[in-house]
Participant: 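So that we are looking at the same thing, I have put the structure below in structure tokens.
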Amino acid sequence: MSGETQSRLQLDLWLRCLEKDYLGSFIPAGGATVKLAVVPKDSYSHLYKSLQEKLSLSSFQLFDLSEERINLHSIENFWFALAQRVDWESFARELRYSILRKIGYSPSSELQDCTLEELAELYQVEAREINIQFQREIKKLIFQDYSLALDFRKAISRLIYEPLQSPGTLEGLCLAVQEWLKGTLKSISQVRGAAIFRKIDRTNSREILLSFLRLFTRQLGWTAILVSLFHYYERRENGRPIFTRRQIIELYETLREFIDAESKLEKTVLIFMAPLDFIESELLSYHKYRALQTRIENEVYSPNYPNPCTTMVQLQ
């Protein structure tokens, strides 16, 4: 089957289907999906704004990766782009407070970023007792969750625990761990104190990314990642593509990995927006990468009644 033979869906019809069947029910109930919306260039702005609005109204935590010319074709670059949009301090604080509430030592409004000693003084107990209970709970929540990558467990545990030892999370090891997550760390020796001995690269970035999404959605609820692929099909003034064929194939492999990882995600929707060249370009269409083609094309389809629930939809 060729993508050109499919009839196109009305954009607003697809948005209503997405909102009703996915954003309003399937995702909040714990499901996950990857959607690829192929849309004419003059309809992109309407699609983008409509998705932002619907995701906001549905109370999704939104990571917007639709900025111009952001390199996402490799899985590690995708992760770093996402990680740089995460407020790691706030995320770690939310996890830390969740543990403290569970063990019965919620910080007061005046002690939002308190140490163990300050918390012990507030509750008139020994800091050692709070520390034992906190470490026990962080072990259950993070270290015994074997669905999370080991290095991610080490990193997030440090971000949660270290501020209880000394005030301020943007100092020393915590800052280095955040830089490691964002891909901006200068030397791996800076995170050896967290027992991390390798940087994030193409071999481990996929599991780091999936680990973050699992933990993030469990703690903060349903999440959306919005991605534009339009810049991958732009051309230079001389008519040559900006991105090489190799980079485009790498992009398609990244898309394939996300589609295959649907069953490993929870409460997550990833929406990729692509131009018509994704289907129609003789040199750069997805047909050039068989592994992706077999995952987004349907063997049985109706040329007159397109299915709005498929992974890839053509919109008009």
Side-chain angles (χ1 to χ4, degrees), residues 1-27 31-58 60 62-70 72-73 78 81-82 222-234 243 248 251-262 265 268-281 284-289 292-298 301-303 305-316:
M1 182 191 77
S2 172
E4 294 88 341
T5 64
Q6 298 184 71
S7 59
R8 296 179 181 178
L9 273 169
Q10 292 290 333
L11 191 153
D12 290 335
L13 174 62
W14 180 73
L15 287 171
R16 289 197 299 271
C17 173
L18 181 73
E19 184 175 30
K20 177 183 177 182
D21 296 334
Y22 290 93
L23 306 185
S25 55
F26 180 66
I27 304 300
T33 190
V34 177
K35 295 297 181 184
L36 179 56
V38 181
V39 64
K41 188 173 183 179
D42 56 4
S43 298
Y44 168 73
S45 180
H46 174 47
L47 172 63
Y48 174 62
K49 291 177 181 178
S50 297
L51 286 171
Q52 280 189 314
E53 179 182 348
K54 292 186 182 300
L55 290 167
S56 177
L57 290 173
S58 299
F60 273 74
L62 175 61
F63 293 103
D64 191 344
L65 303 185
S66 59
E67 294 179 8
E68 293 184 5
R69 304 190 184 284
I70 183 171
L72 302 168
H73 46 274
F78 192 103
L82 178 63
W222 41 93
T223 300
I225 303 176
L226 199 55
V227 186
S228 173
L229 304 180
F230 271 71
H231 58 293
Y232 276 95
Y233 302 88
E234 294 177 354
F243 289 88
I248 296 296
L251 170 66
Y252 294 162
E253 170 58 15
T254 297
L255 291 175
R256 180 203 67 77
E257 289 189 52
F258 277 121
I259 293 171
D260 286 357
E262 277 186 352
L265 293 172
T268 303
V269 56
L270 289 91
I271 303 176
F272 296 88
M273 300 170 289
L276 296 179
D277 281 343
F278 179 81
I279 293 174
E280 299 174 354
S281 173
L284 302 177
S285 79
Y286 74 91
H287 302 96
K288 301 298 181 180
Y289 192 58
L292 177 62
Q293 183 179 5
T294 58
R295 286 162 174 80
I296 63 177
E297 288 188 349
N298 297 318
Y301 70 100
S302 169
Y305 300 99
N307 183 354
C309 295
T310 55
T311 299
M312 180 181 70
V313 291
Q314 290 181 253
L315 305 175
Q316 60 181 10

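No experiment lies behind these values; they were computed from the predicted model shown.
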Participant: I'd like to know if the side chain of T310 reaches the main chain of I296, judged simply by a donor and an acceptor atom lying under 3.5 Å from each other, with no hydrogens or angles considered.
Facilitator: no
Participant: Return the CG to CG distance between L315 and L13, rounded to the nearest 0.5 Å.
Facilitator: 9.5 Å
Participant: Could you state the interatomic distance from CG (L36) to CD (Q314), rounded to the nearest 0.5 Å?
Facilitator: 10.0 Å
Participant: Does a donor on one side chain sit under 3.5 Å from an acceptor on the other, for K35 and Y22?
Facilitator: yes
Participant: side-chain contact (heavy atoms from CB on, under 4.5 Å), that's the test. Do H46 and V39 meet it? Break it down for me.
Facilitator: CA-CA 10 Å; H46 174 47; V39 64; over 6 Å; no
Participant: Taking the inter-plane angle between the rings of Y44 and Y48 on a 0 to 90° scale, is it parallel (under 30°), tilted (30 to 60°) or perpendicular (over 60°)?
Facilitator: parallel
Participant: If you look at every heavy atom in Q316 and P40, which pair is closest and at what distance?
Facilitator: CA-CD, 4.4 Å
Participant: Please state whether the rings of Y233 and F278 are parallel, tilted or perpendicular, taking 30° and 60° as the class boundaries.
Facilitator: perpendicular
Participant: I need the minimum non-hydrogen distance between A274 and F230, along with the two atoms involved.
Facilitator: C-CE1, 3.6 Å
Participant: Could you check if a side-chain atom of K54 sits within less than 4.5 angstrom of a side-chain atom of L18, using non-hydrogen atoms only?
Facilitator: no
Participant: Kindly give the heavy-atom pair with the smallest separation between S285 and S281, and that separation in Å.
Facilitator: CB-O, 3.0 Å
Participant: What is the ring orientation for H231 with F243, classed by angle as parallel under 30°, tilted 30 to 60°, or perpendicular over 60°?
Facilitator: perpendicular
Participant: Calculate, to the nearest 0.5 Å, the distance between atoms CD and CZ belonging to E257 and R295 respectively.
Facilitator: 10.0 Å
Participant: Any chance you could lay out the side-chain contact (heavy atoms from CB on, under 4.5 Å) test for R8 and L276, step after step, and finish with the verdict?
Facilitator: CA-CA 11 Å; R8 296 179 181 178; L276 296 179; 3.8 Å; yes
Participant: Does the side chain of N307 reach to within under 4.5 Å of the side chain of V313, using non-hydrogen atoms?
Facilitator: no
Participant: Got a donor-acceptor contact below 3.5 angstrom from the W222 side chain to the S58 backbone?
Facilitator: yes
Participant: Can you see which heavy atom on M273 is nearest to which on L51, and at what distance?
Facilitator: SD-CD1, 3.9 Å
Participant: Any idea which heavy atoms bring L9 and P308 closest together, and the distance?
Facilitator: CD1-CA, 3.5 Å
Participant: Any heavy-atom pair between the side chains of L72 and Y232 that's under 4.5 Å?
Facilitator: yes
Participant: State plainly whether the residues E253 and R256 are in salt-bridge range, i.e. N to O under 4.0 Å.
Facilitator: yes
Participant: For the ring pair Y286 and Y252, is the centre-to-centre distance below 6.0 Å?
Facilitator: no
Participant: Begin with the C-alpha distance, continue with both residues' side-chain angles, and end with the deciding distance and a verdict on side-chain contact (heavy atoms from CB on, under 4.5 Å) for I225 and L65.
Facilitator: CA-CA 7 Å; I225 303 176; L65 303 185; 3.9 Å; yes
Participant: Rounded to the nearest 0.5 Å, what separation is found between the CG atom of L55 and the CD atom of E19?
Facilitator: 9.5 Å
Participant: With side chains defined as the heavy atoms from C-beta onward, is the minimum distance between I248 and K288 less than 4.5 Å?
Facilitator: no
Participant: Does any N or O in the side chain of S56 come within less than 3.5 Å of the main-chain N or O of Q52, such that one atom is a donor and the other an acceptor?
Facilitator: no
Participant: So do L47 and W14 actually touch side chain to side chain, heavy atoms under 4.5 Å?
Facilitator: yes
Participant: Looking at every non-hydrogen atom in both residues, tell me the closest pair between S43 and L11 and how far apart they are.
Facilitator: O-CD1, 4.0 Å
Participant: Please tell me if the side chains of L255 and V34 come closer than 4.5 Å, counting only heavy atoms from C-beta onward.
Facilitator: no
Participant: At what distance, to the nearest 0.5 angstrom, does CD1 of I271 lie from OG of S228?
Facilitator: 12.5 Å
Participant: Is any side-chain heavy atom of R16 closer than 4.5 Å to a side-chain heavy atom of Q10?
Facilitator: no
Participant: side-chain contact (heavy atoms from CB on, under 4.5 Å) for L284 and D277? Distances and angles first, verdict last.
Facilitator: CA-CA 7 Å; L284 302 177; D277 281 343; over 6 Å; no
Participant: How long is the straight-line distance from CG of D21 back to CD1 of I27, given to the nearest 0.5 Å?
Facilitator: 11.0 Å
